[in-house]
Amino acid sequence: MQKSFIPTQKINELLEQSKQPSKQQVEEILAKSKSKQRLEMAETAALLNLQDPELLQKIFTTAHELKEEMYGNRIVMFAPLYVGNECVNDCVYCGFRISNKNCFRKTLSKEELINETQALEKRGHKRLIMVYGEHPMYSPEYIADTVHTVYNTKIGNGEIRRVNINAAPMDVEGYKVVKDIGIGTYQIFQETYHEPTYKKIHPSGPKSDFLWRLYGLDRAMQAGIDDLGIGALLGLHDWRFEVMGLLAHTIHLEERFGVGPHTISFPRIEPANGTDWADNPPAPISDEDFMKLVAIIRLSVPYTGMILTAREPAEIRNKIIPLGCSQIDAGSSIGIGEYSQNDKESFKKSQFILGDQRSLDQVVRELCQAGFLPSWCTACYRLGRTGENFMKYSKPGDIKSFCHPNAILTFSEYLIDYATPETKKVGLAMVEREIAKIPASFRGEVEKNVEKLKNGERDLYF
Ligand code: SAM
Ligand code: SF4
(Lines give C-alpha, C1' and ligand atoms only; values in the text may rest on other atoms or scores of the structure.)
(Ligands and ions follow the chains in the order given, each with its own letter.)
Protein backbone atom coordinates (compact mmCIF):
# COMPACT_ATOMS: atom_id res chain seq x y z
CA MET A 1 0.00 0.00 0.00
CA GLN A 2 1.48 3.36 -1.07
CA LYS A 3 1.68 6.16 1.48
CA SER A 4 1.19 9.84 0.79
CA PHE A 5 4.46 11.69 0.33
CA ILE A 6 2.82 14.93 1.46
CA PRO A 7 4.00 15.51 5.04
CA THR A 8 0.80 17.16 6.24
CA GLN A 9 1.78 17.46 9.89
CA LYS A 10 5.26 18.77 9.09
CA ILE A 11 3.78 21.38 6.73
CA ASN A 12 1.43 22.62 9.45
CA GLU A 13 4.26 22.73 11.98
CA LEU A 14 6.60 24.60 9.63
CA LEU A 15 3.92 27.15 8.81
CA GLU A 16 3.28 27.62 12.54
CA GLN A 17 6.95 27.77 13.62
CA SER A 18 8.13 30.30 11.06
CA LYS A 19 5.55 32.96 11.84
CA GLN A 20 8.10 35.72 12.51
CA PRO A 21 11.03 35.31 10.12
CA SER A 22 13.81 37.81 10.78
CA LYS A 23 15.09 40.20 8.12
CA GLN A 24 18.41 38.37 8.06
CA GLN A 25 16.72 35.00 7.64
CA VAL A 26 14.66 36.30 4.71
CA GLU A 27 17.69 37.85 3.07
CA GLU A 28 19.61 34.57 3.32
CA ILE A 29 16.70 32.70 1.73
CA LEU A 30 16.46 35.22 -1.11
CA ALA A 31 20.21 34.93 -1.71
CA LYS A 32 19.80 31.16 -2.01
CA SER A 33 17.01 31.58 -4.59
CA LYS A 34 19.15 34.07 -6.50
CA SER A 35 21.89 31.46 -6.68
CA LYS A 36 19.26 29.31 -8.47
CA GLN A 37 18.97 26.67 -5.78
CA ARG A 38 15.63 25.11 -4.98
CA LEU A 39 14.44 26.04 -1.49
CA GLU A 40 13.78 23.61 1.34
CA MET A 41 10.33 23.38 2.94
CA ALA A 42 11.28 25.43 6.04
CA GLU A 43 12.63 28.25 3.86
CA THR A 44 9.48 28.45 1.76
CA ALA A 45 7.36 28.39 4.92
CA ALA A 46 9.23 31.44 6.20
CA LEU A 47 8.51 33.36 2.98
CA LEU A 48 4.84 32.34 3.09
CA ASN A 49 4.46 33.92 6.52
CA LEU A 50 5.99 37.27 5.66
CA GLN A 51 3.89 40.36 6.41
CA ASP A 52 6.49 43.13 6.55
CA PRO A 53 5.79 45.40 3.53
CA GLU A 54 9.48 46.16 2.95
CA LEU A 55 10.48 42.49 2.91
CA LEU A 56 7.47 41.63 0.76
CA GLN A 57 8.61 44.17 -1.80
CA LYS A 58 12.02 42.46 -1.74
CA ILE A 59 10.33 39.14 -2.51
CA PHE A 60 8.59 40.63 -5.55
CA THR A 61 11.76 42.28 -6.82
CA THR A 62 13.88 39.17 -6.34
CA ALA A 63 11.28 36.92 -8.03
CA HIS A 64 11.21 39.27 -11.01
CA GLU A 65 15.01 39.39 -11.22
CA LEU A 66 15.25 35.61 -10.95
CA LYS A 67 12.74 35.12 -13.75
CA GLU A 68 14.73 37.54 -15.92
CA GLU A 69 17.94 35.64 -15.18
CA MET A 70 16.44 32.21 -15.87
CA TYR A 71 14.11 32.98 -18.76
CA GLY A 72 14.91 36.53 -19.89
CA ASN A 73 11.89 38.56 -21.03
CA ARG A 74 10.44 35.69 -23.04
CA ILE A 75 6.88 34.38 -22.55
CA VAL A 76 5.87 31.10 -24.18
CA MET A 77 2.44 31.21 -25.83
CA PHE A 78 -0.06 28.35 -26.06
CA ALA A 79 -3.79 27.65 -26.39
CA PRO A 80 -6.05 25.06 -24.78
CA LEU A 81 -7.97 22.67 -27.03
CA TYR A 82 -10.87 20.98 -25.26
CA VAL A 83 -11.57 17.64 -26.95
CA GLY A 84 -14.43 16.24 -24.90
CA ASN A 85 -16.35 16.96 -21.71
CA GLU A 86 -17.79 13.56 -20.86
CA CYS A 87 -16.82 12.84 -17.29
CA VAL A 88 -17.45 10.12 -14.71
CA ASN A 89 -16.19 12.20 -11.78
CA ASP A 90 -18.13 14.60 -9.63
CA CYS A 91 -15.59 17.30 -8.70
CA VAL A 92 -17.83 19.84 -6.99
CA TYR A 93 -16.13 22.87 -8.60
CA CYS A 94 -16.22 21.75 -12.25
CA GLY A 95 -18.86 22.36 -14.92
CA PHE A 96 -18.13 18.92 -16.44
CA ARG A 97 -18.98 16.95 -13.26
CA ILE A 98 -21.27 14.00 -13.87
CA SER A 99 -24.15 15.39 -11.78
CA ASN A 100 -24.31 18.69 -13.69
CA LYS A 101 -27.51 18.39 -15.68
CA ASN A 102 -26.85 21.83 -17.22
CA CYS A 103 -23.75 20.63 -19.03
CA PHE A 104 -24.21 19.94 -22.73
CA ARG A 105 -22.01 16.90 -23.36
CA LYS A 106 -19.88 16.98 -26.44
CA THR A 107 -16.86 15.15 -27.87
CA LEU A 108 -15.29 16.45 -31.07
CA SER A 109 -15.57 14.17 -34.09
CA LYS A 110 -12.39 13.72 -36.13
CA GLU A 111 -13.64 16.27 -38.65
CA GLU A 112 -14.44 18.78 -35.89
CA LEU A 113 -11.02 18.22 -34.33
CA ILE A 114 -9.40 19.01 -37.67
CA ASN A 115 -11.53 22.17 -37.98
CA GLU A 116 -10.58 23.28 -34.48
CA THR A 117 -6.89 22.66 -35.15
CA GLN A 118 -6.99 24.59 -38.41
CA ALA A 119 -8.81 27.48 -36.75
CA LEU A 120 -6.05 27.63 -34.12
CA GLU A 121 -3.30 27.37 -36.75
CA LYS A 122 -4.85 30.18 -38.78
CA ARG A 123 -4.46 32.46 -35.75
CA GLY A 124 -0.79 31.54 -35.38
CA HIS A 125 -0.80 28.95 -32.60
CA LYS A 126 1.96 26.34 -32.59
CA ARG A 127 1.64 24.90 -29.08
CA LEU A 128 -1.51 23.41 -27.59
CA ILE A 129 -2.65 21.82 -24.40
CA MET A 130 -5.30 19.23 -25.21
CA VAL A 131 -7.85 18.76 -22.42
CA TYR A 132 -10.17 15.81 -21.75
CA GLY A 133 -12.75 14.89 -19.12
CA GLU A 134 -12.27 11.54 -17.41
CA HIS A 135 -14.30 8.88 -19.19
CA PRO A 136 -13.73 5.36 -20.55
CA MET A 137 -14.19 6.88 -24.04
CA TYR A 138 -11.00 8.89 -23.55
CA SER A 139 -8.68 5.88 -23.36
CA PRO A 140 -4.91 6.25 -23.88
CA GLU A 141 -5.39 4.99 -27.45
CA TYR A 142 -8.12 7.58 -28.06
CA ILE A 143 -5.98 10.37 -26.64
CA ALA A 144 -2.98 9.25 -28.75
CA ASP A 145 -5.20 9.14 -31.82
CA THR A 146 -6.50 12.68 -31.30
CA VAL A 147 -2.94 13.98 -30.75
CA HIS A 148 -1.89 12.24 -33.97
CA THR A 149 -4.74 13.95 -35.83
CA VAL A 150 -3.68 17.36 -34.51
CA TYR A 151 -0.02 16.86 -35.49
CA ASN A 152 -1.09 15.82 -38.98
CA THR A 153 -3.43 18.76 -39.56
CA LYS A 154 -1.79 21.68 -41.35
CA ILE A 155 -3.05 24.73 -43.16
CA GLY A 156 -0.87 27.20 -45.08
CA ASN A 157 2.26 27.67 -42.98
CA GLY A 158 0.28 26.59 -39.93
CA GLU A 159 1.13 23.50 -37.95
CA ILE A 160 1.03 22.39 -34.33
CA ARG A 161 4.54 21.57 -33.18
CA ARG A 162 3.92 20.63 -29.59
CA VAL A 163 0.91 19.10 -27.88
CA ASN A 164 0.80 19.00 -24.08
CA ILE A 165 -1.88 16.95 -22.34
CA ASN A 166 -4.16 17.65 -19.39
CA ALA A 167 -6.09 14.46 -18.73
CA ALA A 168 -6.80 11.93 -16.02
CA PRO A 169 -3.94 9.94 -14.52
CA MET A 170 -3.25 6.66 -16.34
CA ASP A 171 -1.52 3.39 -15.56
CA VAL A 172 2.05 2.88 -16.77
CA GLU A 173 0.95 1.03 -19.92
CA GLY A 174 -1.46 3.84 -20.80
CA TYR A 175 1.24 6.49 -20.47
CA LYS A 176 3.48 4.47 -22.81
CA VAL A 177 0.80 4.70 -25.49
CA VAL A 178 0.60 8.50 -25.30
CA LYS A 179 4.38 8.84 -24.97
CA ASP A 180 4.88 6.96 -28.24
CA ILE A 181 2.80 9.46 -30.19
CA GLY A 182 5.16 12.25 -29.09
CA ILE A 183 3.63 14.52 -26.49
CA GLY A 184 5.23 17.46 -24.68
CA THR A 185 4.22 17.89 -21.04
CA TYR A 186 1.76 15.59 -19.26
CA GLN A 187 -0.07 17.77 -16.79
CA ILE A 188 -2.08 16.61 -13.77
CA PHE A 189 -3.22 19.02 -11.08
CA GLN A 190 -3.58 17.52 -7.63
CA GLU A 191 -6.24 20.21 -7.03
CA THR A 192 -5.54 20.20 -3.27
CA TYR A 193 -2.69 18.54 -1.39
CA HIS A 194 -4.83 18.53 1.76
CA GLU A 195 -6.20 15.00 1.81
CA PRO A 196 -9.33 15.53 3.99
CA THR A 197 -10.40 18.46 1.77
CA TYR A 198 -9.62 16.44 -1.36
CA LYS A 199 -11.91 13.64 -0.17
CA LYS A 200 -14.81 16.02 0.50
CA ILE A 201 -14.80 17.69 -2.90
CA HIS A 202 -14.19 14.57 -5.00
CA PRO A 203 -17.07 12.47 -3.69
CA SER A 204 -17.17 9.78 -6.37
CA GLY A 205 -15.51 8.33 -9.46
CA PRO A 206 -11.86 7.33 -9.95
CA LYS A 207 -10.70 10.83 -9.00
CA SER A 208 -11.91 10.28 -5.43
CA ASP A 209 -8.75 8.18 -4.91
CA PHE A 210 -6.23 10.76 -3.58
CA LEU A 211 -3.22 8.45 -3.81
CA TRP A 212 -3.95 7.26 -7.36
CA ARG A 213 -3.82 10.87 -8.45
CA LEU A 214 -0.87 11.82 -6.22
CA TYR A 215 1.24 9.05 -7.75
CA GLY A 216 -0.12 9.74 -11.25
CA LEU A 217 3.03 11.52 -12.37
CA ASP A 218 5.30 8.87 -10.81
CA ARG A 219 3.67 6.35 -13.14
CA ALA A 220 4.18 8.72 -16.08
CA MET A 221 7.86 8.90 -15.17
CA GLN A 222 8.01 5.10 -14.94
CA ALA A 223 6.59 4.98 -18.47
CA GLY A 224 9.39 7.28 -19.67
CA ILE A 225 7.50 10.60 -19.77
CA ASP A 226 9.94 12.90 -18.02
CA ASP A 227 8.25 16.17 -18.92
CA LEU A 228 5.62 16.71 -16.23
CA GLY A 229 3.35 19.48 -15.03
CA ILE A 230 1.98 19.76 -11.50
CA GLY A 231 -0.63 22.16 -10.17
CA ALA A 232 -3.02 23.13 -7.40
CA LEU A 233 -6.50 24.58 -7.86
CA LEU A 234 -6.59 27.59 -5.56
CA GLY A 235 -9.63 28.22 -3.40
CA LEU A 236 -10.10 24.71 -2.03
CA HIS A 237 -7.79 24.93 0.99
CA ASP A 238 -5.34 27.46 2.55
CA TRP A 239 -3.09 28.63 -0.31
CA ARG A 240 0.03 28.51 1.92
CA PHE A 241 -0.54 24.80 2.49
CA GLU A 242 -0.93 24.28 -1.28
CA VAL A 243 2.39 26.00 -2.01
CA MET A 244 4.05 23.68 0.52
CA GLY A 245 2.27 20.73 -1.16
CA LEU A 246 3.57 21.77 -4.58
CA LEU A 247 7.06 22.02 -3.12
CA ALA A 248 6.76 18.61 -1.42
CA HIS A 249 5.66 17.13 -4.77
CA THR A 250 8.63 18.77 -6.47
CA ILE A 251 11.07 17.40 -3.90
CA HIS A 252 9.51 13.94 -4.19
CA LEU A 253 9.96 13.88 -7.99
CA GLU A 254 13.52 15.19 -7.71
CA GLU A 255 14.44 12.61 -5.07
CA ARG A 256 12.80 9.66 -6.76
CA PHE A 257 13.55 10.40 -10.43
CA GLY A 258 16.21 13.12 -10.42
CA VAL A 259 13.84 15.42 -12.33
CA GLY A 260 11.51 18.06 -10.93
CA PRO A 261 8.35 19.37 -12.60
CA HIS A 262 8.78 21.03 -15.99
CA THR A 263 5.89 23.34 -15.11
CA ILE A 264 3.84 24.42 -12.11
CA SER A 265 0.26 25.73 -12.52
CA PHE A 266 -1.78 27.61 -9.93
CA PRO A 267 -5.27 28.21 -11.36
CA ARG A 268 -7.80 30.01 -9.17
CA ILE A 269 -11.33 28.59 -9.18
CA GLU A 270 -13.59 30.41 -11.64
CA PRO A 271 -17.40 30.44 -11.78
CA ALA A 272 -18.69 27.46 -13.74
CA ASN A 273 -21.91 26.68 -15.59
CA GLY A 274 -24.52 25.00 -13.32
CA THR A 275 -22.01 24.89 -10.46
CA ASP A 276 -22.92 27.33 -7.67
CA TRP A 277 -20.20 25.82 -5.47
CA ALA A 278 -17.54 27.47 -7.66
CA ASP A 279 -19.02 30.94 -6.97
CA ASN A 280 -18.11 30.70 -3.28
CA PRO A 281 -15.14 28.39 -2.79
CA PRO A 282 -14.15 27.75 0.84
CA ALA A 283 -10.64 29.27 0.80
CA PRO A 284 -10.53 32.01 -1.84
CA ILE A 285 -7.18 33.70 -2.35
CA SER A 286 -7.09 37.50 -2.69
CA ASP A 287 -5.28 39.24 -5.54
CA GLU A 288 -2.56 40.41 -3.09
CA ASP A 289 -1.96 36.90 -1.79
CA PHE A 290 -2.04 35.55 -5.35
CA MET A 291 0.87 37.87 -6.19
CA LYS A 292 2.75 36.60 -3.14
CA LEU A 293 2.07 32.99 -4.09
CA VAL A 294 3.41 33.45 -7.62
CA ALA A 295 6.58 35.19 -6.43
CA ILE A 296 7.18 32.53 -3.75
CA ILE A 297 6.77 29.64 -6.20
CA ARG A 298 9.28 31.34 -8.51
CA LEU A 299 11.74 31.72 -5.63
CA SER A 300 11.16 28.19 -4.31
CA VAL A 301 11.68 26.31 -7.59
CA PRO A 302 13.85 28.61 -9.74
CA TYR A 303 14.20 26.16 -12.65
CA THR A 304 10.52 25.42 -13.25
CA GLY A 305 8.23 26.88 -15.91
CA MET A 306 5.25 28.73 -14.42
CA ILE A 307 1.89 28.87 -16.21
CA LEU A 308 -0.68 31.64 -15.82
CA THR A 309 -3.88 30.93 -17.72
CA ALA A 310 -6.59 33.10 -19.26
CA ARG A 311 -8.80 32.20 -16.29
CA GLU A 312 -7.36 35.47 -14.93
CA PRO A 313 -8.50 38.83 -16.34
CA ALA A 314 -6.02 40.95 -18.31
CA GLU A 315 -5.33 43.44 -15.46
CA ILE A 316 -4.35 40.65 -13.07
CA ARG A 317 -2.24 38.91 -15.70
CA ASN A 318 -0.35 42.14 -16.37
CA LYS A 319 0.55 42.36 -12.68
CA ILE A 320 1.35 38.68 -12.18
CA ILE A 321 3.39 37.87 -15.30
CA PRO A 322 6.42 39.98 -14.26
CA LEU A 323 6.63 38.09 -10.94
CA GLY A 324 7.92 34.93 -12.53
CA CYS A 325 5.54 33.45 -15.11
CA SER A 326 7.03 31.90 -18.22
CA GLN A 327 3.98 30.57 -20.12
CA ILE A 328 0.52 31.99 -20.84
CA ASP A 329 -2.35 31.04 -23.09
CA ALA A 330 -3.99 33.66 -25.29
CA GLY A 331 -6.93 33.91 -27.63
CA SER A 332 -8.31 30.91 -25.75
CA SER A 333 -11.74 29.35 -26.08
CA ILE A 334 -12.80 26.62 -23.73
CA GLY A 335 -16.23 25.88 -25.19
CA ILE A 336 -15.92 22.59 -27.06
CA GLY A 337 -15.78 23.32 -30.80
CA GLU A 338 -15.69 27.08 -30.20
CA TYR A 339 -12.58 27.98 -32.20
CA SER A 340 -14.22 26.94 -35.46
CA GLN A 341 -17.90 27.66 -34.74
CA ASN A 342 -19.64 30.67 -33.34
CA ASP A 343 -21.94 28.89 -30.95
CA LYS A 344 -24.15 30.97 -28.65
CA GLU A 345 -24.71 27.96 -26.41
CA SER A 346 -21.01 27.17 -26.06
CA PHE A 347 -21.07 28.29 -22.44
CA LYS A 348 -22.98 25.12 -21.66
CA LYS A 349 -20.12 23.06 -23.14
CA SER A 350 -17.50 25.02 -21.17
CA GLN A 351 -15.79 23.97 -17.98
CA PHE A 352 -15.70 27.48 -16.48
CA ILE A 353 -15.70 31.13 -17.60
CA LEU A 354 -12.56 32.80 -18.95
CA GLY A 355 -11.37 36.08 -17.45
CA ASP A 356 -9.14 37.18 -20.33
CA GLN A 357 -11.01 37.21 -23.64
CA ARG A 358 -8.46 39.22 -25.69
CA SER A 359 -7.37 37.86 -29.06
CA LEU A 360 -3.93 36.32 -29.49
CA ASP A 361 -2.90 39.29 -31.67
CA GLN A 362 -3.90 41.79 -28.98
CA VAL A 363 -2.13 39.88 -26.20
CA VAL A 364 1.01 39.60 -28.34
CA ARG A 365 0.99 43.33 -29.05
CA GLU A 366 0.42 44.25 -25.42
CA LEU A 367 3.15 41.87 -24.24
CA CYS A 368 5.60 43.54 -26.64
CA GLN A 369 4.56 46.98 -25.46
CA ALA A 370 5.30 45.87 -21.89
CA GLY A 371 8.77 44.62 -22.91
CA PHE A 372 8.02 40.87 -23.11
CA LEU A 373 9.08 38.68 -26.03
CA PRO A 374 6.37 36.20 -27.10
CA SER A 375 7.77 32.79 -28.06
CA TRP A 376 6.35 29.70 -29.74
CA CYS A 377 9.58 27.76 -29.41
CA THR A 378 9.35 23.96 -29.37
CA ALA A 379 13.06 23.22 -29.88
CA CYS A 380 13.89 21.63 -26.51
CA TYR A 381 11.46 18.80 -26.71
CA ARG A 382 12.12 18.16 -30.40
CA LEU A 383 15.87 18.01 -29.73
CA GLY A 384 15.44 15.76 -26.70
CA ARG A 385 16.26 18.46 -24.16
CA THR A 386 13.71 17.18 -21.61
CA GLY A 387 13.78 15.53 -18.20
CA GLU A 388 17.29 15.16 -16.80
CA ASN A 389 18.70 16.61 -19.98
CA PHE A 390 16.53 19.71 -19.59
CA MET A 391 17.40 20.05 -15.89
CA LYS A 392 21.09 20.11 -16.90
CA TYR A 393 20.45 23.36 -18.76
CA SER A 394 17.57 24.86 -16.80
CA LYS A 395 18.97 24.44 -13.26
CA PRO A 396 22.02 26.66 -13.85
CA GLY A 397 19.87 29.00 -15.97
CA ASP A 398 21.57 28.17 -19.30
CA ILE A 399 18.23 27.50 -20.93
CA LYS A 400 18.08 31.19 -21.81
CA SER A 401 20.94 30.96 -24.30
CA PHE A 402 18.93 28.63 -26.58
CA CYS A 403 15.56 30.10 -25.85
CA HIS A 404 16.21 33.74 -26.61
CA PRO A 405 17.28 33.24 -30.26
CA ASN A 406 14.53 30.64 -30.74
CA ALA A 407 11.96 33.04 -29.32
CA ILE A 408 13.11 35.68 -31.81
CA LEU A 409 12.76 33.22 -34.71
CA THR A 410 9.32 31.92 -33.77
CA PHE A 411 8.10 35.43 -32.99
CA SER A 412 9.33 36.60 -36.41
CA GLU A 413 7.42 33.72 -38.02
CA TYR A 414 4.27 34.83 -36.18
CA LEU A 415 4.72 38.44 -37.28
CA ILE A 416 5.26 37.51 -40.92
CA ASP A 417 2.36 35.06 -41.18
CA TYR A 418 -0.35 36.16 -38.77
CA ALA A 419 0.04 39.56 -37.12
CA THR A 420 -2.19 42.56 -37.86
CA PRO A 421 -0.29 45.56 -39.33
CA GLU A 422 -0.35 47.29 -35.93
CA THR A 423 1.13 44.30 -34.09
CA LYS A 424 3.63 43.72 -36.87
CA LYS A 425 4.97 47.26 -36.49
CA VAL A 426 5.40 46.96 -32.73
CA GLY A 427 6.76 43.41 -33.07
CA LEU A 428 9.36 44.05 -35.77
CA ALA A 429 10.81 46.90 -33.71
CA MET A 430 11.02 44.50 -30.78
CA VAL A 431 12.78 41.86 -32.92
CA GLU A 432 15.44 44.43 -33.82
CA ARG A 433 15.97 45.35 -30.17
CA GLU A 434 16.19 41.70 -29.14
CA ILE A 435 18.68 40.83 -31.88
CA ALA A 436 20.90 43.64 -30.65
CA LYS A 437 21.06 41.92 -27.23
CA ILE A 438 22.57 38.71 -28.66
CA PRO A 439 26.35 38.37 -28.22
CA ALA A 440 28.12 39.59 -31.37
CA SER A 441 29.64 36.15 -32.06
CA PHE A 442 26.17 34.62 -32.56
CA ARG A 443 24.15 37.61 -33.76
CA GLY A 444 24.92 37.10 -37.46
CA GLU A 445 23.61 33.54 -37.29
CA VAL A 446 20.26 34.69 -35.88
CA GLU A 447 19.99 37.56 -38.39
CA LYS A 448 20.64 35.10 -41.23
CA ASN A 449 17.78 32.92 -39.99
CA VAL A 450 15.37 35.84 -39.67
CA GLU A 451 16.21 36.72 -43.29
CA LYS A 452 15.51 33.11 -44.32
CA LEU A 453 12.09 33.34 -42.62
CA LYS A 454 11.33 36.54 -44.55
CA ASN A 455 12.19 34.59 -47.72
CA GLY A 456 9.67 31.87 -46.93
CA GLU A 457 11.61 29.24 -44.94
CA ARG A 458 9.89 28.05 -41.75
CA ASP A 459 10.53 26.21 -38.50
CA LEU A 460 14.16 27.24 -37.91
CA TYR A 461 15.62 26.69 -34.45
CA PHE A 462 18.83 26.11 -32.49
N1 SAM B 1 -10.42 15.74 -16.25
C2 SAM B 1 -9.03 15.86 -16.03
C3 SAM B 1 -8.70 16.14 -14.59
O4 SAM B 1 -9.56 16.52 -13.84
O5 SAM B 1 -7.52 16.00 -14.27
C6 SAM B 1 -8.36 16.91 -16.87
C7 SAM B 1 -9.13 18.06 -17.36
S8 SAM B 1 -9.77 19.16 -16.12
C9 SAM B 1 -10.88 19.80 -17.27
C10 SAM B 1 -8.40 20.33 -15.96
C11 SAM B 1 -8.34 21.15 -14.71
O12 SAM B 1 -9.32 22.17 -14.72
C13 SAM B 1 -8.59 20.46 -13.43
O14 SAM B 1 -7.46 19.74 -13.00
C15 SAM B 1 -8.96 21.61 -12.48
O16 SAM B 1 -7.83 22.05 -11.74
C17 SAM B 1 -9.38 22.73 -13.42
N18 SAM B 1 -10.73 23.23 -13.11
C19 SAM B 1 -11.84 22.52 -12.93
N20 SAM B 1 -12.88 23.32 -12.60
C21 SAM B 1 -12.41 24.58 -12.56
C22 SAM B 1 -12.99 25.88 -12.26
N23 SAM B 1 -14.27 26.00 -11.91
N24 SAM B 1 -12.20 26.95 -12.33
C25 SAM B 1 -10.89 26.84 -12.66
N26 SAM B 1 -10.30 25.65 -12.96
C27 SAM B 1 -11.04 24.54 -12.91
FE1 SF4 C 1 -14.12 15.73 -14.71
FE2 SF4 C 1 -11.68 16.84 -14.58
FE3 SF4 C 1 -13.93 18.32 -14.30
FE4 SF4 C 1 -13.26 16.65 -12.40
S5 SF4 C 1 -12.06 18.45 -13.08
S6 SF4 C 1 -15.33 16.87 -13.25
S7 SF4 C 1 -12.35 14.99 -13.55
S8 SF4 C 1 -13.26 17.23 -16.12
Side-chain angles (χ1 to χ4, degrees), residues 67-79 121 124-129 151 157-164 182-185 227 262-263 303-307 321 325-330 360 363-364 367-368 371-387 389-419 423-424 426-462:
K67 192 265 167 185
E68 287 287 302
E69 270 176 47
M70 296 296 288
Y71 285 91
N73 58 346
R74 151 191 91 86
I75 300 284
V76 169
M77 312 297 295
F78 71 94
E121 290 172 351
H125 286 289
K126 296 281 186 282
R127 304 168 57 106
L128 300 183
I129 179 134
Y151 278 141
N157 285 331
E159 59 180 353
I160 299 302
R161 298 179 184 153
R162 176 175 170 122
V163 169
N164 299 330
I183 59 160
T185 307
D227 187 329
H262 186 70
T263 56
Y303 62 78
T304 200
M306 287 177 62
I307 303 179
I321 290 170
C325 298
S326 55
Q327 295 193 23
I328 64 166
D329 59 331
L360 174 62
V363 174
V364 164
L367 279 175
C368 278
F372 293 104
L373 173 63
S375 171
W376 284 261
C377 180
T378 52
C380 276
Y381 112 100
R382 289 155 88 203
L383 292 171
R385 291 193 296 251
T386 63
N389 233 332
F390 178 81
M391 293 290 144
K392 232 175 28 205
Y393 297 109
S394 68
K395 275 200 175 157
D398 291 347
I399 200 72
K400 208 172 77 176
S401 44
F402 295 113
C403 297
H404 184 235
N406 285 337
I408 295 173
L409 296 180
T410 52
F411 182 41
S412 302
E413 248 188 271
Y414 174 83
L415 294 172
I416 297 165
D417 286 339
Y418 305 103
T423 302
K424 202 164 176 173
V426 177
L428 288 176
M430 170 123 208
V431 166
E432 258 182 53
R433 285 197 302 277
E434 293 299 320
I435 288 180
K437 291 185 195 165
I438 295 175
S441 56
F442 192 47
R443 199 178 303 142
E445 200 62 26
V446 179
E447 280 170 331
K448 230 190 288 164
N449 277 326
V450 171
E451 225 25 63
K452 282 186 191 170
L453 292 171
K454 286 183 182 159
N455 293 326
E457 279 189 54
R458 289 291 172 270
D459 200 15
L460 305 173
Y461 53 88
F462 299 103

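Side chains are part of it too, since the values below use all heavy atoms of this structure and drop only hydrogens, waters and symmetry mates.
A donor-acceptor contact shorter than 3.5 Å links the side chain of Tyr151 to the backbone of Val163. Using a distance-only test at 3.5 Å, with no hydrogens or angles considered, no donor-acceptor pair links the side chain of Lys126 to the main chain of Glu159. In this structure, the side chain of Arg161 does not engage the main chain of Arg127 through any donor-acceptor pair within 3.5 Å.
Glu445 has its side chain within reach of Lys448: a pair of non-hydrogen atoms, C-beta onward, lies under 4.5 Å apart. The side-chain heavy atoms of Ile307 and Ile328, taken from C-beta on, include no pair separated by under 4.5 Å. Looking only at side-chain heavy atoms (C-beta outward), Glu121 and Asp417 stay at 4.5 Å or farther from each other. By the 4.5 Å heavy-atom criterion applied to side chains, Val76 and Arg74 are counted as neighbours.
Note that the CG atom of Asn157 and the CG atom of Asp459 stand 10.5 Å from one another [nearest 0.5 Å]. Of the inter-residue distances, the one linking Leu460 atom CG with Leu453 atom CG reads 4.5 Å to the nearest 0.5 angstrom. Remark: Ile129 CD1 to Asn164 CG distance equals 5.0 Å, nearest 0.5 Å. With rounding to the nearest 0.5 Å, the separation of CE in Met430 from CG in Asn73 is 5.0 Å. Distance check: Trp376 CH2 to Met77 CE gives 5.5 Å after rounding to the nearest 0.5 Å. Annotation: the span from Tyr461 atom OH to Asn406 atom CG amounts to 9.0 Å, rounded to 0.5 Å.
Contact detail for Gly124 and Leu360: the closest heavy-atom pair is C-CD2, 4.3 Å. Across every non-hydrogen atom of Pro374 and Phe411, the tightest pair is O-CB, 3.4 Å. When all heavy atoms of Ala407 and Thr410 are compared, the closest pair comes out as O-OG1, 3.2 Å. The two atoms that bring Ala79 and Ala330 nearest to each other are CB-O, 4.4 Å, heavy atoms only.
Ring-plane geometry between Tyr414 and Tyr418 is classed as tilted, the angle between the planes lying from 30 to 60 degrees on a 0 to 90 degree scale.
A side chain to side chain contact (heavy atoms under 4.5 Å, CB included) with Phe372 is found for exactly one of Val364, Val363, Ile75, namely Ile75.
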Chi angles and distances behind the side-chain contact (heavy atoms from CB on, under 4.5 Å) call for Val446, His404: CA-CA 10 Å; Val446 179; His404 184 235; over 6 Å; no

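Atom CD of Glu432 is surrounded by 12 or fewer heavy atoms from other residues, nucleotides or ligands within 6.0 Å.
The existence of a salt bridge linking Asp227 and Arg162 is confirmed by a sub-4.0 Å separation between a basic side-chain nitrogen and an acidic carboxylate oxygen.
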